[in-house]
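Index from 1, following the sequence.
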Amino acid sequence: MDQRPRTGLRRLAARVVHRTAPMPRLPFAVALAACAAALAVSLEWQPLPDDGVADVSELGTAPALAPDFTSGPQVEFEILEYGFSPVVDELGTPRVILGAVLRNPYDTAMVTPGSLDVWALAADGTEDDLESFYPNPIPADTTVQLGFVLSAALFDTPVERLRVTSREPSFLAPEPADLTPEQRDWVFVEPLPELSVLAVDPLLSPDGYRVHYSVTSAVEQEIRISIMFRDEEGTLIGGLPAGQDPFSFDLGSAGWRTVAAGESVQELDLHASWIPEGADLDRIEIGPRRFGG
């Protein structure tokens, strides 16, 4: 299966900045010594005579293989609903989980969705930007469910004061006529499979539940799965990436699954501490998202 990335270079740049920001900087004294050594070497170095210089030919720049993911129409996805809940994980760490339902209402795939931004409303009416992240590509005319764990420290902020917006634009796939055949593969977004919960059974150890669900997919593909929680009235109260450790921010891989073509049955386990208070186990939902991002 083609494993080439299908998302914008913006996410790669963000990851590089995130990874390199905490790296130690070179102390000033060491840097000064390094500069002095470089200066000494440059003073001792003598250019080669003309007969020792090899001729080189100037080569043209190779064309970029990847398309410009922001060359398509600029649009916005729809935020249909969202909900927050506080939980305390199995290690005793307070967390806040977010469940959101997004929709791409266009008949073209959204290859570069804009940001999802979490805001906290202060008592004085001002808002603080807590966290921003990007959804995965959304196929044409498709609704996706997104489970997310906030990494921002909320302190005593009530979840009732949190809201979600999108302040960055989204981009649809460029016109196929403007792309090479290879570039069209980069921006093609496979339709998502259909997932539905079959049963939720209690576990003896660890304390929690096992969710059995069915998958119907036209092709074998890798997707990300989200678990959505609703209360007895059907109100969305949070969501999680479906993985062994949904609170692991470093791995960033929670919820990745490979689904086979056709119909299959899979399962996942929910630790009791991951389930928010007030969640109706009969209303647990499983939602697919595109792999990537």
Side-chain angles (χ1 to χ4, degrees), residues 7-8 10-11 14 18 74-87 89 94-106 110-139 141-172 192 224-231 233-243 246-249 252 254-255 274-280 283-290 292-293:
T7 56
R10 164 176 65 187
R11 295 183 178 85
H18 176 74
Q74 179 176 316
V75 296
E76 294 181 1
F77 52 73
E78 298 175 353
I79 303 176
L80 301 183
E81 57 179 329
Y82 64 85
F84 295 92
S85 279
V87 297
D89 65 23
R95 308 282 194 180
V96 173
I97 62 175
L98 163 65
V101 181
L102 313 179
R103 178 163 182 80
N104 172 12
Y106 303 95
M110 191 174 289
V111 292
T112 310
S115 63
L116 272 178
D117 308 290
V118 180
W119 302 82
L121 178 64
D124 60 1
T126 60
E127 284 188 316
D128 293 326
D129 184 3
L130 293 179
E131 188 150 3
S132 296
F133 60 97
Y134 298 96
N136 301 109
I138 307 175
D141 192 25
T142 298
T143 299
V144 295
Q145 296 170 312
L146 183 150
F148 187 76
V149 179
L150 273 64
S151 59
L154 298 181
F155 302 104
D156 297 327
T157 304
V159 294
E160 294 79 12
R161 292 189 176 181
L162 301 179
R163 71 183 185 99
V164 175
T165 66
S166 179
R167 60 183 171 185
E168 289 191 17
S170 302
F171 294 90
L172 299 178
L192 290 169
R224 301 190 73 178
I225 298 176
S226 294
I227 310 163
M228 311 297 287
F229 300 107
R230 297 182 181 273
D231 61 17
E233 298 178 353
T235 303
L236 183 62
I237 60 173
L240 287 173
F247 305 109
S248 175
F249 304 109
W274 304 350
I275 303 174
E277 183 178 356
D280 186 346
R283 292 181 179 271
I284 287 179
E285 299 174 2
I286 303 290
R289 297 162 54 198
R290 287 302 316 154

Answer whether the closest heavy-atom distance between the side chains of [X] and [Y] falls below 4.5 Å.
X    : Y    : answer
V144 : V101 : no
F229 : I275 : yes
L98  : F133 : yes
L172 : V111 : no
Y106 : V75  : yes
V96  : F148 : no
V149 : P241 : yes
L146 : L116 : yes

Check the side chains of T142 and N104 for a donor-acceptor pair under 3.5 angstrom, ignoring hydrogens and angles.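 Per modelled atom types, N104 and T142 side chains form no pair under 3.5 Å.
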Of all residues at least two apart in sequence or in a different chain, which pass the side chain to side chain donor-acceptor pair (under 3.5 Å) check with [X]?
X    : result
D129 : R167
R230 : E81, E285
D128 : none
S85  : none

Identify the two heavy atoms, one from [X] and one from [Y], that lie closest to each other, and give their separation to 0.1 Å.
X    : Y    : result
G147 : S226 : N-OG, 2.9 Å
D231 : T235 : OD1-N, 2.9 Å
Q145 : G287 : OE1-CA, 3.1 Å

Counting N and O atoms only, with roles assigned by atom type, does the side chain of E131 sit under 3.5 Å from a partner on the main chain of S151, one being a donor and the other an acceptor?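 Indeed, once roles are kept as given, a pair shorter than 3.5 Å links the two residues.
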Sidechain-backbone polar pair: S170 side chain, G114 backbone, donor-acceptor under 3.5 Å: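 Answer holds: yes.
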Show, in sequence, the C-alpha distance, side-chain angles and deciding distance for L236 and M228, and conclude whether the side chain to side chain contact (heavy atoms under 4.5 Å, CB included) test is met. CA-CA 7 Å; L236 183 62; M228 311 297 287; 3.7 Å; yes
Look at the rings of W274 and F247 and say which category their plane angle falls in: under 30° parallel, 30 to 60° tilted, over 60° perpendicular.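 W274 vs F247 ring planes: perpendicular.
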Look up atom [atom1] in [X] and atom [atom2] in [Y], then write down how far apart they are to the nearest 0.5 Å.
X    : Y    : atom1 : atom2 : answer
L130 : L162 : CG    : CG    : 6.5 Å
R103 : L80  : CZ    : CG    : 7.5 Å
F77  : M110 : CZ    : CE    : 7.5 Å

Can you pull out every salt bridge (charged side-chain N to carboxylate O under 4.0 Å, His left out) where at least one residue sits in residues 142-153? Sequence neighbours excluded, please.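 Counting only pairs at least two positions apart or across chains, no salt bridge (charged side-chain N to carboxylate O under 4.0 Å, His left out) contact touches residues 142-153.
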Applying the side chain to side chain contact (heavy atoms under 4.5 Å, CB included) criterion to F84, which one of I97, T157, I237, V118 satisfies it?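 One option only clears the test, and that one is V118.
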Could you walk me through whether W119 and T165 pass the side chain to side chain contact (heavy atoms under 4.5 Å, CB included) test, one step at a time? CA-CA 8 Å; W119 302 82; T165 66; 2.9 Å; yes
Using a 6.0 Å cut-off, check whether atom CD of E78 has over 12 heavy atoms from anything other than its own residue.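 Enclosed.
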Test of understanding: with salt bridge (Lys or Arg N to Asp or Glu O under 4.0 Å), list the residues that count as partners of E127, not counting sequence neighbours.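 For E127 the salt bridge (Lys or Arg N to Asp or Glu O under 4.0 Å) partners, ignoring immediate neighbours, are R163.
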